[in-house]
Visitor: 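Provided herewith is a single structure, encoded as structure tokens, for subsequent inquiry.
By convention here, the first residue in the shown sequence is residue 1. Bear in mind that the values here come from a model prediction, so they are computed numbers and not experimental data.
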Amino acid sequence: MELEWIAEDYTDTLGHATKLKLDGITTVSPQHSHTSRDLEIASRVGKSVGFPKDRIVVVGESLAHQTFSGVGHRNSITESLTRRLESKKVEGRINLVYTRIPKSYTVGDNIIQVRGIDDLQVSALVGVQLEADASAIIPPLPTGIQNKKIFDLVMERTKVELQTFKKKKDIIGYIPTTDDLTLVAKMIKAYIAQGIRFFAVDFSSSPLNRWLIRTVVGRIRDELKIKGKVGEKADKYYYIHIFNISSNKKSAQAVAPITDLLTHAYGVDSTSGVIWGGGKLVKEKLRYYNIQDYGAYRLDGLKKSRIRCPETLLEGNALQVYEKLRVKRLADYSAECKIITERIPESNTVKNYANYLVSKERVKNETKKVLMDIKEIKAI
């Protein structure tokens, strides 16, 4: 893995643009990476809407209870998981093969908490990634982790599996969603001690988990002793990806703020959407994402606003409209990330990245909090 920051913001944000070379493939951030579900939808409607080909693909699955319980213990379950993930892999891309372990499962009338993971499960979940030829390996840490012993076990087994594999693979410093921020700091310290510089954080469908991301960014910079300009020391470059990020705050209001794009101000390189689905689609409650003001507009109130949505996007049933709106959002995100990349190194105080975010009318309150977080991180 090779990392190089090709642009940095030395003023009001922690934004940077990174050239990443992984598994022989080069890409540049910031970017919104596609999930295999995004690609599936785009295959149906992408030609009519326009769909960008970003270089990172998240080949992901949130493990069902039967899969998590049986992987590593039953060959049929392990092999079935491997086949599913292999079928989603995209040639010529950086493939992050992500087997997410939920915090709990609902089985019948019972809620089963995931308390840990055993050696066989860890070995199998790492093996599945290796068999699927993942570009880098994600340690299979459970969501909601509260115990460093679990982290140590997972990391030990992950390294053992990699040592016996015929091809060298990098490890990603994976941080699952957890309320224990002291454990987050310990995990980051352990990752950096092992030379890991690619980090991935699970937001568990949160649109802007400020407490978690500012802890992650703050600890990375503290451990790497980053205090100002970094460019002269390549070993201090880092890369952050966020899994399972929602695009906007859940709201019954006519307009909700688009907040996932704000994470790039923290120095996040790439993000990807939620890898599981569900819920009933109601056409009138679907949202059109307007990048000009970072507002997500409900369709039933769109006509009352000054925002103009292409009529072709609104034709069809709820599923058809949802898919077209999703692909249009991803295309707009790709264009927006290019603008962000241009703004990051801008020294002009009017045109710089921070002022660009401040100009987005629908996220003014959220932007203010983000910039306050960044001031605190820099002060520390």
Side-chain angles (χ1 to χ4, degrees), residues 9 12-16 30 32 62 98 100-104 113-114 138-139 141-148 150-151 172-192 196 198-224 226 238-251 256-276 294 296 353-354 357-358 360 362-380:
D9 184 352
D12 299 316
T13 79
L14 295 170
H16 57 253
H32 184 78
S62 189
Y98 179 36
R100 182 180 186 270
I101 304 169
K103 183 179 181 179
S104 63
Q113 300 292 331
V114 176
I138 301 170
L141 295 164
T143 304
I145 184 172
Q146 298 287 327
N147 191 326
K148 189 168 184 294
I150 297 173
F151 172 79
I172 290 175
Y174 175 57
I175 309 292
T177 305
T178 177
D179 293 329
D180 190 346
L181 297 181
T182 60
L183 180 56
V184 171
K186 291 175 183 177
M187 288 191 284
I188 289 171
K189 185 180 182 69
Y191 286 138
I192 288 178
I196 293 170
F198 188 125
F199 300 90
V201 187
D202 177 28
F203 267 23
S204 294
S205 79
S206 168
L208 186 61
N209 193 329
R210 290 175 52 224
W211 297 101
L212 181 56
I213 192 58
R214 75 182 188 182
T215 299
V216 168
V217 174
R219 294 310 304 176
I220 290 173
R221 295 176 70 87
D222 184 54
E223 291 294 333
L224 292 176
I226 297 174
Y238 58 85
Y239 189 102
I240 299 178
H241 179 85
I242 297 179
F243 290 118
N244 296 313
I245 187 170
S246 290
S247 53
N248 60 276
K249 284 188 173 182
K250 292 178 175 62
S251 172
I258 299 173
T259 51
D260 56 345
L261 287 166
L262 300 182
T263 58
H264 297 300
Y266 287 97
V268 167
D269 290 279
S270 54
T271 61
S272 56
V274 179
I275 60 173
W276 61 88
Y294 281 17
Y353 182 31
L357 291 179
V358 170
K360 302 295 184 178
R362 294 298 181 178
V363 290
K364 281 191 174 295
N365 290 336
E366 290 76 17
T367 297
K368 184 177 179 181
K369 293 174 183 177
V370 168
L371 295 178
M372 285 176 59
D373 286 345
I374 291 167
K375 282 184 179 180
E376 289 184 15
I377 293 170
K378 286 187 172 184
I380 293 171

Visitor: Please report the shortest heavy-atom distance between Ser270 and Tyr239, naming the atom on each side.
Guide: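 Closest pair (atom of Ser270, atom of Tyr239, distance): OG-OH, 2.9 Å.
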
Visitor: Would you mind reporting whether Val268 and Pro30 have side-chain heavy atoms less than 4.5 Å apart?
Guide: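 Side chain of Pro30 against side chain of Val268, heavy atoms only: no contact under 4.5 Å found.
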
Visitor: So, Thr263 side chain and Asp260 main chain: donor-acceptor pair closer than 3.5 Å or not?
Guide: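 Yes; judged by distance alone, with no hydrogens or angles, the pair exists.
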
Visitor: Report the distance from atom OG1 of Thr215 to atom CG of Asp222, rounding to the nearest 0.5 Å.
Guide: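 Taking OG1 in Thr215 and CG in Asp222, the distance rounds to 12.0 Å.
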
Visitor: Keeping the roles fixed (side chain from Lys364, backbone from Val358), state whether a donor-acceptor pair exists under 3.5 Å.
Guide: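 Yes, Lys364 side chain to Val358 backbone: donor-acceptor pair under 3.5 Å.
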
Visitor: Can you give me the closest heavy-atom contact between Pro139 and Tyr174, atom names plus distance?
Guide: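 Result for this residue pair: O-CD2, 3.5 Å.
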
Visitor: Any donor-acceptor pair under 3.5 Å linking the side chain of Asn244 with the backbone of Ile275?
Guide: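 Yes; judged by distance alone, with no hydrogens or angles, the pair exists.
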
Visitor: Listed by chain and number, what are the side chain to side chain donor-acceptor pair (under 3.5 Å) partners of Tyr191, not counting sequence neighbours?
Guide: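 Tyr191 satisfies side chain to side chain donor-acceptor pair (under 3.5 Å) with no other residue.
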
Visitor: Evaluate the criterion side chain to side chain contact (heavy atoms under 4.5 Å, CB included) for residue pair Tyr353 and Leu14; output intermediate values, then yes/no.
Guide: CA-CA 10 Å; Tyr353 182 31; Leu14 295 170; over 6 Å; no

Visitor: Can you confirm whether Trp276 is buried at CH2, in the sense that more than 12 heavy atoms of other residues, nucleotides or ligands lie under 6.0 Å from that atom?
Guide: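 Buried by this count: over 12 neighbours within 6.0 Å.
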
Visitor: So which atom in Arg219 and which in Ala185 form the shortest heavy-atom distance, rounded to 0.1 Å?
Guide: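 For Arg219 versus Ala185, the nearest heavy atoms are NE-CB, 3.6 Å.
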
Visitor: Are Gln146 and Thr178 packed together at the side-chain level, in the sense that at least one heavy-atom pair is separated by less than 4.5 angstrom?
Guide: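 Yes - at least one pair of side-chain heavy atoms lies under 4.5 Å apart.
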
Visitor: Return each pair, listed once, that meets side-chain hydrogen bond (donor to acceptor under 3.5 Å, both in side chains) where at least one residue sits in residues 181-190; pairs must be two or more places apart or across chains.
Guide: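 Listed by first then second residue: Asp180-Thr182.
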
Visitor: How close do Ile150 and Pro142 get, heavy atom to heavy atom, and via which atoms?
Guide: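 Heavy atoms of Ile150 and Pro142 come nearest at CG2-CD, 4.0 Å.
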
Visitor: Measuring only between side-chain heavy atoms, which start at C-beta, is Ile220 closer than 4.5 Å to Ile240?
Guide: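 They are in side-chain contact.
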
Visitor: Within the 4.5 Å heavy-atom criterion, are Met187 and Leu141 side-chain neighbours or not?
Guide: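 Side chain of Met187 against side chain of Leu141, heavy atoms only: contact under 4.5 Å found.
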
Visitor: At what distance, to the nearest 0.5 angstrom, does OG1 of Thr271 lie from CG of Leu262?
Guide: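 Spacing of OG1 (Thr271) from CG (Leu262) equals 11.0 Å.
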
Visitor: Taking only residues two or more places apart in sequence, or in another chain, which ones meet Phe243 in a ring pair (Phe, Tyr, Trp, His ring centres under 6.0 Å)?
Guide: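 Result, ring pair (Phe, Tyr, Trp, His ring centres under 6.0 Å) vs Phe243: Tyr98, His241.
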
Visitor: For the pair Thr143 (side chain) and Pro176 (backbone), establish whether a donor and an acceptor sit closer than 3.5 Å, ignoring hydrogens and angles.
Guide: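 Looks like no, no N/O pair under 3.5 Å.
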
Visitor: What verdict does the side chain to side chain contact (heavy atoms under 4.5 Å, CB included) test give for Phe203 and Ile213, after you've listed the backbone C-alpha separation in whole Å, the side-chain angles of each residue and the deciding distance to 0.1 Å?
Guide: CA-CA 9 Å; Phe203 267 23; Ile213 192 58; 3.9 Å; yes

Visitor: Nearest 0.5 Å please: distance from the OG1 atom of Thr13 over to the CG atom of Asp373.
Guide: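 If we round to the nearest 0.5 Å, Thr13:OG1 and Asp373:CG are 13.0 Å apart.
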
Visitor: Please name the pair of heavy atoms, one in Arg210 and one in Tyr266, separated by the smallest distance, quoted to 0.1 Å.
Guide: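 Answer, listing the atom of Arg210 first, then Tyr266: CG-OH, 3.6 Å.
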
Visitor: So, for Gly218 and Ile377, which heavy atoms are closest and what is the spacing to 0.1 Å?
Guide: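 Heavy atoms of Gly218 and Ile377 come nearest at CA-CG2, 4.1 Å.
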
Visitor: Test your reading of the model: is there a side-chain donor-acceptor pair from Thr177 to the backbone of Asp202, 3.5 Å cut-off?
Guide: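 Yes, because the side chain of Thr177 sits within donor-acceptor range (under 3.5 Å) of the backbone of Asp202.
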
Visitor: State whether the number of non-hydrogen atoms from other residues, nucleotides or ligands found under 6.0 Å of Lys378 atom NZ is greater than 12.
Guide: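 Yes.
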
Visitor: What I'd like to find out is whether the side chain of Arg214 reaches to under 4.5 Å of the side chain of Ile374, using heavy atoms alone.
Guide: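 No, side chains not in contact.
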
Visitor: Nearest 0.5 Å, what's the CG-CD1 distance between Leu224 and Ile192?
Guide: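 It is 4.0 Å, given to the nearest 0.5 Å.
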
Visitor: Counting C-beta onward and ignoring hydrogens, is there a side-chain heavy-atom pair between Leu357 and Val363 closer than 4.5 Å?
Guide: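 A side-chain contact under 4.5 Å is absent here.
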
Visitor: What do the steps show when you test Ile196 against Ile172 for side chain to side chain contact (heavy atoms under 4.5 Å, CB included), and what is the final call?
Guide: CA-CA 7 Å; Ile196 293 170; Ile172 290 175; over 6 Å; no

Visitor: With side chains defined as the heavy atoms from C-beta onward, is the minimum distance between Ile226 and Tyr238 less than 4.5 Å?
Guide: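 A side-chain contact under 4.5 Å exists here.
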
